[in-house]
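Scroll down for the structure; my scribbles are underneath it.
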Amino acid sequence: MRLKQTGDLIDAHEFPATTEELIEAYGDQTIELPNGTARLGTVLSRAGAETYTDAEDARSALLCGLGHEAIGRRYYSDRDAYATGEEGPQQVSF
């Protein structure tokens, strides 16, 4: 997933920064998701009171705080079921 403009805002912010500072600066920004939208402030507030040392830490918190609306098709797997007669991989015991 790409954060586009939201990622650019976070990258341009001066770090270290707290969750509260980021919410105050960008909390009203809307993040476009595959299945809806989310406010940056709402998403970051899920992380609680944190201090981020750099933009990568803040971006990680943002990605972790996104809900199921960010993942596209829920419960989808691109792994096909085994065809009739196939048994699949053998189990390994460690």
Side-chain angles (χ1 to χ4, degrees):
M1 171 189 222
R2 294 187 181 121
L3 295 175
K4 297 182 183 176
Q5 296 90 353
T6 305
D8 293 341
L9 291 173
I10 290 173
D11 288 342
H13 195 81
E14 189 173 318
F15 287 90
T18 64
T19 304
E20 187 176 308
E21 291 169 344
L22 292 173
I23 290 172
E24 186 176 314
Y26 312 113
D28 290 337
Q29 293 293 318
T30 301
I31 303 169
E32 297 292 329
L33 304 172
N35 294 317
T37 61
R39 292 270 182 215
L40 185 116
T42 303
V43 175
L44 279 178
S45 67
R46 294 178 184 142
E50 296 286 334
T51 299
Y52 307 105
T53 57
D54 56 29
E56 187 175 331
D57 285 347
R59 238 184 281 111
S60 292
L62 181 60
L63 290 172
C64 289
L66 290 170
H68 65 86
E69 300 84 12
I71 61 170
R73 289 174 45 191
R74 289 180 81 183
Y75 311 116
Y76 172 77
S77 174
D78 61 352
R79 295 181 181 97
D80 291 331
Y82 296 108
T84 304
E86 284 186 334
E87 295 196 28
Q90 298 298 317
Q91 290 188 355
V92 178
S93 177
F94 292 101

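Everything numeric here is computed off the predicted structure, so don't read it as measured data.
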Output, in order, the C-alpha distance, side-chain angles, deciding distance and verdict of side chain to side chain contact (heavy atoms under 4.5 Å, CB included) for Leu62 and Ile31.
-> CA-CA 10 Å; Leu62 181 60; Ile31 303 169; 3.8 Å; yes
Side-chain donor/acceptor pairs under 3.5 Å, residues 42-51, sequence neighbours excluded:
unit_1 : atom_1 : unit_2 : atom_2 : d
Ser45  : OG     : Gly41  : O      : 3.4
Ser45  : OG     : Thr42  : O      : 2.7
Arg46  : NH1    : Gly65  : O      : 2.5

Are Tyr52 and His13 linked by a side-chain donor-acceptor pair shorter than 3.5 Å?
->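 Not at all, the side chains of Tyr52 and His13 share no donor-acceptor pair under 3.5 Å.
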Applying side-chain contact (heavy atoms from CB on, under 4.5 Å), name anything that partners Glu20, two or more places apart in sequence or on another chain.
->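 Listed in chain order: Thr18.
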Glu56 side, atom CD; Ile10 side, atom CD1 - distance, nearest 0.5 Å |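 Glu56 CD to Ile10 CD1: 12.0 Å, rounded to 0.5 Å.
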Heavy-atom closest pair, residues Phe15 and Thr53 |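 Closest pair (atom of Phe15, atom of Thr53, distance): CB-O, 3.4 Å.
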